[in-house]
Number of protein chains: 2
Amino acid sequence: MTPPIERSAVLDDVSKAIVEQLQEDGRRSYAEIGKAVGLSETATRQRVQKLQEAGVLQIVAVTDPLQLGFARQAMIGVRVSGDTRVVAGAMSEIPGVTYVVSTAGSFDLLVEIVCESDDDLIDVLNDRIRSLPDVVSTETFVYLKLHRQLYNWGTR
Amino acid sequence: MTPPIERSAVLDDVSKAIVEQLQEDGRRSYAEIGKAVGLSETATRQRVQKLQEAGVLQIVAVTDPLQLGFARQAMIGVRVSGDTRVVAGAMSEIPGVTYVVSTAGSFDLLVEIVCESDDDLIDVLNDRIRSLPDVVSTETFVYLKLHRQLYNWGTR
DNA sequence: AGTGAAACGACCGTAGA
DNA sequence: TCTACGGTCGTTTCACT
């Protein structure tokens with residue numbers, strides 16, 4: 001007898017509803033959220049706290065780079081010789097690097113960069129990324145328009 | 001005479017400090033933030049409100065896909081014939097698509113997907129992405145490990 | 001755009017089912 | 001793990017600089 005397939009039991013329906021509320025407004029009061037999901041203020045607060053401690057949920061301020069004067073964004077595909085983890089660690093330390101992920105495919109790493117101008121982008125690419133020992137080659141994809149950016153998936 | 005170069009005057013130093021506080025904890029009280037940046041609670045709240053209305057700042061819950069049972073993530077490089085904007089719009093509607101950006105380079109679009117399994121990934125890729133009229137070809141980069149993810153850049 | 005004060009509401013610990 | 005409750009603190013409005 002095989003056990004029934006268990007679907008991500010991390011969040012029950014009530015917690016999902018709570019998270020949805022917080023995705024709309026991260027500062028919504030626990031009392032209001034509780035009213036919406038049918039729970040007391042205390043219980044709501046306890047659930048949110050547990051989710052945060054478990055690292056499932058975090059409530060943070062998110063800013064728009066364009067509005068802060070960072071007009072240039074790009075994704076860099078990187079091919080690496082040797083340990084990708086070491087290179088990934090080095091990449092993560094570079095100012096303006098907002099995203100580093102190891103991948104399977106024709107790139108070993110994908111690295112997202114945010115900067116003020118084309119000149120900054122060239123500087124970072126040459127001085128900080130391509131100059132790293134194990135970086136074999138890179139390919140740059142300059143952002144033209146961000147169409148969609150979701151910080152969450154899986155709650156609705 | 002040329003005017004002096006103006007550096008993103010959207011945020012003065014005080015507002016930057018406020019945003020930094022909220023990046024650490026999106027629910028930190030305005031009173032506490034005000035104390036840290038040397039402003040009254042009211043003034044602090046007014047500044048945050050203005051930033052939110054201007055779309056510079058938003059305070060939201062961010063969840064970890066892995067902990068919610070979405071074990072498979074991938075970036076898809078897409079080559080498109082015709083209007084990339086139309087294709088980008090169609091991509092944005094696909095469930096599990098968390099990121100869509102138009103790029104200059106050997107891909108026209110970069111699309112990030114979050115799903116539960118390899119089977120789901122194959123389904124989305126074939127049934128939803130590669131089946132779109134103007135999609136010429138795709139290249140998939142399956143995520144092995146997310147090293148760094150910043151939701152902000154430019155405040156510190 | 002900022003402060004300060006007063007009324008209100010949210011937050012947070014504790015107690016108990 | 002939930003509800004109930006009271007003390008404390010944060011939020012909100014308003015009058016004013």
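Chain letters run A, B, ... following the sequence lines, proteins first and then strands; every chain starts at 1. Note that the coordinates shown come from a computational prediction; the quantities given were computed from them, not determined experimentally. Side chains included, hydrogens not; waters and symmetry mates left out as well; all remaining heavy atoms used.
Per the geometry, CD belonging to B/Glu32 stands 11 Å off P belonging to C/dC12, to the nearest Å. Rounded to an integer number of Å, the gap from A/Leu22 CG to C/dA10 P is 15 Å. Distance CD1 (A/Ile33) to P (D/dC2): 14 Å, rounded to an integer number of Å. Rounded to whole angstrom, the span from the CZ atom of B/Arg45 across to the C1' atom of D/dC14 amounts to 12 Å. As rounded to whole Å, 13 Å separates atom P of D/dC2 from atom CD of A/Gln49. We find that CZ of A/Arg47 is positioned 8 Å from P of D/dT1, with the value rounded to whole Å. The nearest whole Å value for the distance from the CD atom in B/Gln46 to the C1' atom in D/dT13 is 11 Å. With rounding to whole Å, A/Ile59 atom CD1 is found 11 Å from C/dC11 atom P.
Formation of a donor-acceptor pair under 3.5 Å by the B/Asp64 side chain with backbone atoms of A/Val56 is not found in this model. Between the A/Gln67 side chain and the B/Leu57 main chain, no donor and acceptor come within less than 3.5 Å of each other.
Residue A/Ser40 is classed as a base contact, given a heavy-atom separation below 4.0 Å to a base. Residue contacts for B/Glu41: at a heavy-atom cut-off of 4.0 Å it reaches a base atom on one of the strands shown. Residue-level contact check: B/Arg27 touches the backbone only, with heavy atoms under 4.0 Å from sugar-phosphate atoms and none from bases.
In this structure, the nucleotide among D/dC2, C/dT3, D/dC5 sitting nearest to the side chain of A/Leu39 is D/dC2. Closest approach to the A/Thr42 side chain among D/dA4, C/dG2, D/dT12 is made by D/dA4 (side chain taken as heavy atoms from C-beta onward). In the set D/dT11, C/dT3, C/dA1, C/dA1 carries the atom at the smallest distance from any side-chain atom of B/Lys50. The nucleotide whose nearest atom lies closest to any side-chain atom of B/Ala43 is, among D/dT3, C/dT3, C/dC11, C/dT3.
Inspection of the B/Arg72 and B/Ser117 side chains reveals no N or O donor paired with an N or O acceptor under 3.5 Å. Side-chain N/O atoms of B/Ser106 and A/Glu139 include a donor and acceptor closer than 3.5 Å.
Taking every heavy atom of both residues into account, B/Val60 and A/Gln23 meet most closely at CG1-O, 3.5 Å.
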